[in-house]
Amino acid sequence: MLKSNHSRQLPLQTVVVSLWLLLAAFAGFSQNANAADTSGKTRYPVVLVHGLAGFDSILVDYFYGVKHELARVGAVDVYTPQLSAVNYSEVRGEQLLDYLEQLQAITGADKFNLIGHSQGGIDSRYVAAVRPDLVASVTSVGSPHFGSKTADVVKGTPFESLALAIGDAIGSFIGALGGDASLEQSTVGAIESLNSDGAERFNQKYPQGLRQGACKEVPLVNVGTWYWPQWEWDYSVNDGQHEVNGVRYYSWSGTYNFVTNSNILDVGDALLGVTTLTFGFEQNDGLVGRCSSHLGKVIRDDYTLNHIDEVNHVFGLGGLFTTDPLPLFREHVRRLKQAGL
C-alpha cells in the first residue's frame, strides 16, 4: 500500500502565534537596544535653566520634549529649577545657586552641566563665575550676552511703562502657576539686565567665556584638500575662551525669517514677527541678535530657529524649514560626555 506524498500543513493558529511571538521578540530587542544607548550619559547631572517669563510645572514644560530626548541617549539625571519669571540676572543667578546647593546635598553630585536658554544662559554664567566649583559646563542657547535690541527699544521709551505693567502681571501669574509664588518678580530688573548697557555692566563683572573683540562674519573654509575639497562654515571665529576656572563654555543660537520659518498655528511667530523688526537688518532669532549669542565654543549661531523654537515651543510647532531643536540637545549631551563632563 503506497503512502501519501501530501506535505503536512501547519494550522493557521500556529502560524499566527509564531508570527506574534517573533514580532514581540523583535520589539523587545529594539527596546533593549534603545535602553542600552548611553552615548549621552554625562558624568555630571544636567540642569536646564529657563529664560525670561519661563517656568516648568506639571502643566507646562519650558524645554518641551527635551528631557525625553536626552533620556533616549542615557542622560536621565536632568533637573529643571524654577527661577523668577522676570528679574535681574544676578537675582535669578542667586536663586539658581541656591537650587544647585540643595541639589548637590540631595544627589551628592560634585558639579552640574548647566544649559540655559535666553536669560537662563546669563544666570548660568553668574553661577559659574562666583561658584566654579559647582559647575562643570555652561551652555547658552539663544542668550543675549551683549544685550537685546528689543530691550533697548523698550527701555527709556513710552513702551517702558506699558512693558513694566504687563511684565509684573505676567511675572506674578507665572510665579503662582509655576508653583512658587514666593519668588520675587521685577520687570525693571529684567529690562535693566537685558538691554545693551546692562549687559555691558554685567560682562565687566563676569567676562568668563565671552567673545572678545568685534563680531565676525562666519567664513566658509576648506577642511579637505585642494583635490578633494570639503567646505564648512567656521563658527570658531566668534569663539570665547573654551574653559575658564575649570568650567567649559558652549553656545548655539538661531536666526529667524518670518516668511519662510513661520507656522500659522504657532502664536509665538506673530509676536516674534514684530520684535524682529527692532533689529533692522541684523540677523536675529526675534529677540536676540546673532552677534549677541556668542559664548565659549560657538557650535553654530544660525540654526533656522526663532527664539521660542530654540526650546521646541510652541508645543513643537515649527515652520516648513525650521531646524528640529531636539537633536541639538541630544547631540550636545553626547558632546559633554566625550569631553568627560
Side-chain angles (χ1 to χ4, degrees), residues 40 42-51 63 66 70 75 78 81 89-90 92-93 96-97 100 109-148 193-194 199-200 202-216 218 233-254 285 288-303 310-311 325 328-341:
T42 57
R43 176 181 178 185
Y44 302 107
V46 172
V47 177
L48 302 174
V49 187
H50 69 77
F63 290 85
V66 172
L70 299 186
V78 181
S89 294
E90 289 93 337
R92 285 168 47 101
L96 177 59
L97 176 56
L100 294 180
D110 296 326
K111 298 182 178 183
F112 302 93
N113 291 304
L114 308 182
I115 302 179
H117 175 244
S118 192
Q119 192 178 7
I122 302 174
D123 309 331
S124 300
R125 282 176 51 204
Y126 172 84
V127 176
V130 301
R131 285 292 306 276
D133 58 299
L134 274 178
V135 183
S137 69
V138 169
T139 303
S140 73
V141 180
S143 296
H145 298 296
F146 297 90
S148 168
S193 291
L194 299 175
E200 183 177 358
F202 184 91
N203 293 343
Q204 289 174 355
K205 295 179 182 178
Y206 316 108
Q208 293 85 348
L210 283 176
R211 182 197 76 230
Q212 300 300 311
C215 177
K216 298 178 182 179
V218 178
W233 296 105
D234 182 12
Y235 295 97
S236 69
V237 296
N238 287 309
D239 279 7
Q241 283 186 276
H242 290 190
E243 183 174 345
V244 183
N245 295 329
V247 180
R248 300 283 187 91
Y249 290 87
Y250 305 86
S251 63
W252 77 78
S253 59
D285 67 4
V288 178
R290 178 185 72 87
C291 290
S292 187
S293 69
H294 300 144
L295 180 74
K297 177 178 175 56
V298 179
I299 297 165
R300 186 168 167 178
D301 60 9
D302 61 352
Y303 286 114
E310 287 164 354
V311 286
L328 305 184
F329 287 90
R330 182 185 67 220
E331 292 308 310
H332 189 56
V333 290
R334 286 173 169 162
R335 183 180 294 113
L336 293 177
K337 180 180 179 179
Q338 290 173 0
L341 305 174

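The residues of the chain are indexed from 1 along the displayed sequence.
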Could you go through the side-chain contact (heavy atoms from CB on, under 4.5 Å) check for Leu100 and Val47 one step at a time? CA-CA 9 Å; Leu100 294 180; Val47 177; 3.9 Å; yes
For Pro81 versus Leu96, what's the shortest heavy-atom pair and its separation? CG-CD1, 3.9 Å
Aromatic ring pairing Phe202/Tyr126, orientation class (parallel under 30°, perpendicular over 60°, tilted between): tilted
Please determine if Arg290 and Asp301 form a salt bridge, counting it only when a charged side-chain N lies under 4.0 Å from a carboxylate O. yes
So CG of Leu328 and CD1 of Ile115: to nearest 0.5 Å the spacing works out to 11.0 Å
Begin with the C-alpha distance, continue with both residues' side-chain angles, and end with the deciding distance and a verdict on side-chain contact (heavy atoms from CB on, under 4.5 Å) for Val138 and Leu295. CA-CA 9 Å; Val138 169; Leu295 180 74; 4.1 Å; yes
Whether the side chain of Ser143 engages the backbone of Ser118 through a donor-acceptor N/O pair (distance < 3.5 Å, no angle test) should be reported. yes
Between Tyr235 and Ile299, is the side-chain contact (heavy atoms from CB on, under 4.5 Å) condition met? List the steps. CA-CA 7 Å; Tyr235 295 97; Ile299 297 165; over 6 Å; no
Taking all heavy atoms of Tyr250 and all of Arg335, pick out the closest pair and write down the distance. CE2-CD, 4.0 Å
Minimal heavy-atom distance between Ser137 and Asn113, with the atoms involved, is OG-OD1, 2.6 Å
Tyr303 side chain to Asp285 side chain, donor-acceptor N/O pair below 3.5 angstrom: no
Over all heavy atoms of both residues, which pair between Ala136 and Leu341 is shortest? Give the atoms and the distance, please. O-CD2, 4.1 Å
Please confirm whether the ring centroid of Tyr249 lies under 6.0 Å from the ring centroid of His242. no
Does anything in residues 129-139 pair up under salt bridge (Lys or Arg N to Asp or Glu O under 4.0 Å), and if so which pairs, sequence neighbours excluded? Glu101-Arg131, Arg131-Asp133
May I ask you to decide whether Asp123 forms a salt bridge with Arg125, counting only side-chain N to carboxylate O separations under 4.0 Å? no
Can you confirm if the NZ or CZ of Arg211 lies within 45° of the ring axis of Phe146 and under 6.0 Å from the centre of its six-membered ring? yes
Going by side chain to side chain donor-acceptor pair (under 3.5 Å), His145 matches just one of Ser251, Ser140, Ser292. Which one? Ser140
As a test of understanding, state which of Asn238, Asp234, Asp239 forms a side chain to side chain donor-acceptor pair (under 3.5 Å) with Ser236. Asp234
Minimum heavy-atom separation for Gln119 and Ser193, please, with both atom names. NE2-CB, 4.2 Å
Any non-hydrogen side-chain atom of Glu310 less than 4.5 Å from a side-chain atom of His117? yes
Do Lys111 and Val135 come close enough that some side-chain heavy atom pair is under 4.5 Å? no
Heavy atoms, side chains only, cut-off 4.5 Å: are Phe329 and Leu70 in contact? yes
In Å and rounded to the nearest 0.5 Å, what is the NZ to OG1 distance from Lys297 to Thr139? 11.5 Å
Any chance you could lay out the side-chain contact (heavy atoms from CB on, under 4.5 Å) test for Leu336 and Tyr44, step after step, and finish with the verdict? CA-CA 9 Å; Leu336 293 177; Tyr44 302 107; over 6 Å; no
State, to 0.1 Å, how close Ser89 and Ile122 come at their nearest heavy-atom pair, and which atoms those are. OG-CG2, 3.6 Å
